[in-house]
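Position 1 is the first residue of the sequence; numbering continues from there.
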Amino acid sequence: MLRAIFLSPRQLTPAGVRGKINLLTWRELAFAVIGGIALAGVGQLLGRTFHLVWPVPMSGSIAAALPRAFILLVILLRIDKPGVLTIAAIAEVSTKSGFGFGGWWPMSLVVPLLAGVAGDMIWLYLRHLPTRRLSLVLTGGSVCGARVLLALFFWGLLMRPISGAGERLALTLGCIVVINVVLGMVAGLLVGKSVKPPKGSE
């Protein structure tokens, strides 16, 4: 009997094992990697360009927040499995390194990876909210907020304070964090429009 339970041929097939541990399929993996490549492009084209116009720490996140959150939430909506945002983050960092986008290494390498892990943890908790649209809105805001806060942490930890900036800089950075959260929630609203309500809810 034990042999029939633990050594069932059906359970030992690759499809059965994948279903048990919830692994990504090759198609899902490719989708996450493509999303990560898109994230690298968004950060490079929008974030860096905006930072050149307004050279304030983390200012580029304002331009990149909405499209970045939109991409991440589409990935989550398409692939509702643990670790998918971490995979996208690895693809983002690999793309930056491969194409020489570079930048200051905590921001270009460490922050995206930690933000991907944080995003997976946030989604793991918020995906169980009563409605999927609410989950997407709160996840979008939380993911954007987590990323910019991680960036601020490393910037404050490793960079010297800007002389003469004082309270004005602190207020500016606080506004940047709030704007990131709001834009992430807007992305959640946009992605949530594609979610069909359950039958009988109307």
Side-chain angles (χ1 to χ4, degrees), residues 10-44 47 61 64-99 101 103 105-154 180-181 183-192 194-196:
R10 181 182 177 184
Q11 293 179 339
L12 292 178
T13 60
V17 173
R18 187 183 298 114
K20 289 293 183 181
I21 59 179
N22 208 22
L23 288 177
L24 272 67
T25 64
W26 286 110
R27 182 176 297 179
E28 292 171 339
L29 180 62
F31 190 82
V33 169
I34 292 172
I37 295 172
L39 291 173
V42 165
Q44 182 68 17
S61 64
L66 181 59
R68 178 184 287 144
F70 187 88
I71 293 170
L72 292 173
L73 294 176
V74 168
I75 293 173
L76 287 175
L77 194 61
R78 175 75 181 271
I79 311 169
D80 189 3
K81 293 182 180 180
V84 66
L85 294 190
T86 302
I87 293 173
I90 293 172
E92 178 186 356
V93 169
S94 301
T95 302
K96 289 180 178 179
S97 301
F99 285 89
F101 291 164
W105 65 267
M107 300 300 182
S108 61
L109 301 179
V110 179
V111 169
L113 291 175
L114 292 180
V117 175
D120 281 321
M121 296 176 64
I122 290 169
W123 179 246
L124 188 64
Y125 176 76
L126 294 179
R127 63 192 289 243
H128 299 296
L129 292 177
T131 66
R132 182 52 56 94
R133 291 180 180 176
L134 179 61
S135 298
L136 290 169
V137 170
L138 294 182
T139 299
S142 299
V143 168
C144 285
R147 180 157 180 151
V148 72
L149 287 175
L150 284 168
L152 282 172
F153 170 78
F154 281 101
N180 270 265
V181 172
L183 290 174
M185 297 178 73
V186 171
L189 287 172
L190 294 175
V191 176
S194 64
V195 178
K196 297 181 180 179

With a 3.5 Å distance limit and no angle check, can you tell me whether [X] reaches the backbone of [Y] through a side-chain donor-acceptor pair?
X    : Y    : value
R133 : V195 : yes
D120 : L85  : yes
R147 : A115 : no

For this session: Evaluate side chain to side chain contact (heavy atoms under 4.5 Å, CB included) for L136 paired with W123, printing each intermediate quantity in order.
Result: CA-CA 8 Å; L136 290 169; W123 179 246; 4.0 Å; yes
Where [X] and [Y] come nearest, the two heavy atoms and their spacing:
X    : Y    : value
G184 : L73  : O-CD1, 4.3 Å
I79  : A32  : CD1-N, 4.2 Å
A187 : A69  : CB-CB, 3.6 Å
A151 : V111 : CA-CG2, 3.9 Å
S61  : V148 : OG-CG2, 3.9 Å
L109 : S97  : CD2-OG, 3.6 Å

Exercise. Can you tell me how far OG1 of T139 sits from CE of M185, rounded to the nearest 0.5 angstrom?
Worked result: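 The CE atom of M185 sits 10.5 Å away from the OG1 atom of T139.
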Problem set entry | Worked check of side chain to side chain contact (heavy atoms under 4.5 Å, CB included) between F31 and V74 | CA-CA 10 Å; F31 190 82; V74 168; 4.0 Å; yes
For this session: Start with the C-alpha distance between L39 and L72, add both sets of side-chain angles, then the distance that settles side chain to side chain contact (heavy atoms under 4.5 Å, CB included), and finish with yes or no.
Result: CA-CA 8 Å; L39 291 173; L72 292 173; 3.6 Å; yes
Exercise. Within a strict 4.5 Å, meaning less than it, do heavy atoms of the S142 and L126 side chains meet?
Worked result: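 SC-SC contact between S142 and L126 confirmed.
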For this session: With the side chain counted from C-beta on, respond yes when F70 and V42 share a heavy-atom pair under 4.5 Å apart, and no when they do not.
Result: no
Exercise. Taking only residues two or more places apart in sequence, or in another chain, which ones meet I37 in a side-chain contact (heavy atoms from CB on, under 4.5 Å)?
Worked result: V33, T95
Exercise. Would R132 and L77 satisfy side chain to side chain contact (heavy atoms under 4.5 Å, CB included), going step by step from the backbone distance to the final call?
Worked result: CA-CA 9 Å; R132 182 52 56 94; L77 194 61; 4.2 Å; yes
